Amino acid sequence: MNYFVPLHPIMAERTIIGFDAKRIVRNGTGLGSYGRTLVNDLARLDEFDLRLYVPDGGMVQLRSQIVGRANVSFCYPPHAFTSLGKALWRSRGVVKQMSADGVQLYHGLSGELPRGISESGIRTVVTIHDLIFMRHPEYYNRADVKIYTKKFFRTLREADRIVAISECTRRDICELGEIDASRVDVIYQSYAPRFTEEPEPAKMWQVREKYDLPDRYVLCVGSIEERKNVLLAVKALHRLPDDVSLVIVGRQTPYSDRVHEYVFEHRMHSRVQMLHYVPDDDLPALYRMADCFVYPSRYEGFGIPIIEAISQGLPVVACTGSCLEEAGGPDSLYVDPDDEEAMAQAISQVLFGAPGREQRVERSRQYIRKFENANTARRVADLYQELLWKQN
């Protein structure tokens, strides 16, 4: 028996693509956002029957972000009711279910594939977002590094083709995985359509009141963790005008305590604001009302918040050392991740009223057109067709 739940009645039989969709229904940002955006864009192309394999229903507010189309359905395990059962199904049992469903190609959206899929006859694509756990293992505990590394090498053995979301990630895959570059396609991550639209004035007023935002602020979006390096932006405030504040939006981690301690010690409470659990619907307005966007991360696989910020009309200051130049393009500014003076100088160059600010933003908006959704989905669909054609 097949356990799938169509969003609308299934269309006439055609090529079936399966997806590892756990993150789609469980992760609000990052891997979840990548999966939801890609699946929605592929659905609109209307070329495949898309089956989203999930261990459970996840979060309703995330699952409901998948467009309701006849060519999209969620598929659940028939007998997995415990956490262990769901994990075993996702890592191995799903292969048998996909074979019964007639899946011809499977896309692992979060860097892994189920065991034994290469022996099933189902073609495979996997997206690898980053190898930070290998480049910078100091940001992870040892057990996780071992698990992630083992999964990475097993995935390389199973995958027919690999998608890297940046040239930086592709270089890491080829170097650390010791594989031929011909197996790896760079297909940049797209961003959600809501960031292309200007928020209504009423929405911006509501968001400003809801979070008691300062009149002028620099915005930073991303988990508040050591690798993201937001303390660099906090320290840069000392060299910026007194009426400029910093608003940090992201998931709280132990590193947040270090930021709080610095803010308390230097009496910066009135200039630094940290917001947690911000709904997706509020983000465009938070971007739009800022002077500029900072992303001081030491290492990323891509840096989608940079694209979101530019699409909402913000100039960007980021850090060197990984792939952020790929995301922000030549008209964003980049500084050393340990140079607070350079960070302050760069921010000063892009605040409201700075010479050339608007021209910089316009050129950056032209640059990020390469990340628009249809182009990303089209390239992924073409990769599917290439693999399926080779099989036939």
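Note that the coordinates shown come from a computational prediction; the quantities given were computed from them, not determined experimentally.
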**Student:** Are Arg298 and His136 side-chain neighbours, meaning at least one heavy-atom pair lies under 4.5 Å?
**Tutor:** no
**Student:** Is there a side chain to side chain contact (heavy atoms under 4.5 Å, CB included) between Asp101 and Arg51? Walk through the geometry before answering.
**Tutor:** CA-CA 9 Å; Asp101 290 345; Arg51 303 283 179 91; 3.7 Å; yes
**Student:** How many angstroms lie between atom CE of Met59 and atom CD of Gln65, to the nearest 0.5 angstrom?
**Tutor:** 9.5 Å
**Student:** Kindly give the heavy-atom pair with the smallest separation between Ser348 and Leu240, and that separation in Å.
**Tutor:** OG-CD2, 3.3 Å
**Student:** Report, as yes or no, whether the 6.0 Å neighbourhood of atom CG on Asp243 holds more than 12 heavy atoms from other residues, nucleotides or ligands.
**Tutor:** yes
**Student:** Got Val335 and Cys319 here, is their nearest side-chain heavy-atom distance under 4.5 Å?
**Tutor:** yes
**Student:** Can a side-chain donor-acceptor contact be found between Asp172 and Tyr299 if the only test is distance below 3.5 angstrom?
**Tutor:** yes
**Student:** As an exercise, state the distance from CD of Glu340 to CG of Leu232, rounded to the nearest 0.5 Å.
**Tutor:** 7.0 Å
**Student:** Taking Asp56 first and then Lys22, would you say they form a salt bridge - that is, a charged N and a carboxylate O separated by under 4.0 Å?
**Tutor:** no
**Student:** Looking at Arg14, Arg69, Arg378, which hits salt bridge (Lys or Arg N to Asp or Glu O under 4.0 Å) with Glu47?
**Tutor:** Arg378
**Student:** Run the side chain to side chain contact (heavy atoms under 4.5 Å, CB included) check on Val54 and Tyr76 step by step: do they pass?
**Tutor:** CA-CA 6 Å; Val54 289; Tyr76 301 89; 3.4 Å; yes
**Student:** Return yes if a side-chain donor-acceptor contact under 3.5 Å exists between Glu326 and Tyr188, otherwise no.
**Tutor:** yes
**Student:** Before giving the answer on side chain to side chain donor-acceptor pair (under 3.5 Å), spell out for Glu158 and Thr155 the whole-Å C-alpha distance, their side-chain angles and the decisive distance to 0.1 Å.
**Tutor:** CA-CA 5 Å; Glu158 295 274 4; Thr155 295; over 6 Å; no
**Student:** Counting only heavy atoms not in Glu200 (residues, nucleotides, ligands), do more than 12 fall under 6.0 Å from its CD?
**Tutor:** no
**Student:** What about Val72 and Ile17, same hydrophobic cluster or not, with Ile/Leu/Val/Met/Phe/Trp/Tyr joined at side-chain heavy-atom distances under 4.5 Å?
**Tutor:** yes
**Student:** With no hydrogens and no angle check, do the side chains of Ser311 and Tyr191 hold a donor and an acceptor under 3.5 Å apart?
**Tutor:** no
**Student:** Among the clusters formed by ILVMFWY side chains lying less than 4.5 Å apart, do Ile248 and Val244 turn up in the same one?
**Tutor:** yes
**Student:** Step through the shown structure and confirm whether more than 12 heavy atoms of other residues, nucleotides or ligands are within 6.0 Å of NZ on Lys96.
**Tutor:** no
**Student:** Could you please spell out the steps behind the side chain to side chain contact (heavy atoms under 4.5 Å, CB included) verdict for Tyr384 and His107?
**Tutor:** CA-CA 9 Å; Tyr384 295 167; His107 190 159; 2.6 Å; yes
**Student:** Centroid-to-centroid, His129 to Tyr34, below 6.0 Å?
**Tutor:** yes
**Student:** Using links of under 4.5 Å between side-chain heavy atoms of ILVMFWY residues, direct or through other members, which residues join Phe264 in one cluster?
**Tutor:** none
**Student:** Can you measure from OG (Ser190) to CD1 (Ile304) and round to the nearest 0.5 angstrom?
**Tutor:** 6.5 Å
**Student:** How long is the gap from CG on Leu52 to SG on Cys75, to the nearest 0.5 Å?
**Tutor:** 7.0 Å
**Student:** Tell me whether Asp41 is salt-bridged to Arg44, with the criterion being a basic N under 4.0 Å from an acidic carboxylate O.
**Tutor:** yes
**Student:** Using the side chain to side chain contact (heavy atoms under 4.5 Å, CB included) rule, take Phe152 and Ile128 through it: C-alpha gap first, then chi angles, then the decisive distance, then the call.
**Tutor:** CA-CA 9 Å; Phe152 168 62; Ile128 295 178; 3.8 Å; yes
**Student:** Using atom types as modelled and distance alone, determine if a side-chain donor or acceptor of Arg183 lies under 3.5 Å from a backbone N or O of Ala159.
**Tutor:** yes
**Student:** Measure up the Tyr53 and Trp89 rings against each other and bin them: parallel (under 30°), tilted (30 to 60°), perpendicular (over 60°).
**Tutor:** tilted
**Student:** To the nearest 0.5 Å, how far apart are CD in Gln252 and CD1 in Ile224?
**Tutor:** 6.5 Å
**Student:** Below 3.5 Å, can you tabulate the donor-acceptor pairs from side chains in residues 109-116 to any protein atom, sequence neighbours excluded?
**Tutor:**
| from | atom 1 | to | atom 2 | distance (Å) |
| --- | --- | --- | --- | --- |
| Ser110 | OG | Asp20 | OD2 | 3.4 |
| Glu112 | OE1 | Lys151 | NZ | 3.4 |
| Glu112 | OE2 | Arg90 | NH2 | 3.4 |

**Student:** Have Tyr106 and Asp160 got a donor and an acceptor in their side chains that come within less than 3.5 Å?
**Tutor:** no
**Student:** Are side-chain heavy atoms of Asp185 and Arg161 found at a separation under 4.5 Å?
**Tutor:** yes
**Student:** Go through it in stages, so that I can follow the logic: the residues are Asn229 and Tyr255, the test is side chain to side chain donor-acceptor pair (under 3.5 Å), and I'd like the CA-CA distance, side-chain angles, deciding distance and then a yes or no.
**Tutor:** CA-CA 9 Å; Asn229 194 33; Tyr255 176 78; 4.6 Å; no
**Student:** Could you go step by step and tell me if Phe371 and Phe302 meet the ring-ring contact (aromatic ring centres under 6.0 Å, His included) rule?
**Tutor:** CA-CA 12 Å; Phe371 308 121; Phe302 183 54; 5.3 Å; yes
**Student:** Grouping I, L, V, M, F, W and Y whenever their side-chain heavy atoms are under 4.5 Å apart, do Val247 and Val263 come out in a common cluster?
**Tutor:** no
**Student:** Quick check for you: to the nearest 0.5 Å, what is the distance between Leu38 atom CG and Leu42 atom CG?
**Tutor:** 4.5 Å
**Student:** If you count the non-hydrogen atoms of other residues, nucleotides and ligands that lie under 6.0 Å from CD in Glu209, is the total more than 12?
**Tutor:** yes
**Student:** Please say whether more than 12 non-hydrogen atoms of neighbouring residues, nucleotides or ligands are located less than 6.0 Å from CD in Glu138.
**Tutor:** yes
**Student:** Distance only, no hydrogens: is a donor on one side chain within 3.5 Å (strictly under) of an acceptor on the other, for Glu362 and Gln366?
**Tutor:** yes
**Student:** Report all side-chain donor-acceptor pairs from residues 273-295 shorter than 3.5 Å, counting only partners two or more places apart or in another chain.
**Tutor:**
| from | atom 1 | to | atom 2 | distance (Å) |
| --- | --- | --- | --- | --- |
| Gln273 | NE2 | Tyr211 | O | 2.5 |
| His276 | ND1 | Gly250 | O | 2.9 |
| Asp282 | OD1 | Lys203 | NZ | 2.8 |
| Asp282 | OD2 | Lys210 | NZ | 2.8 |
| Asp282 | OD2 | Tyr211 | OH | 2.6 |
| Tyr287 | OH | Glu308 | OE1 | 2.8 |
| Arg288 | NE | Gln312 | OE1 | 2.9 |
| Arg288 | NH2 | Gln312 | OE1 | 3.1 |
| Asp291 | OD2 | Arg216 | NE | 3.3 |
| Asp291 | OD2 | Arg216 | NH2 | 2.8 |
| Asp291 | OD2 | Phe352 | N | 3.2 |
| Tyr295 | OH | Lys228 | NZ | 3.2 |

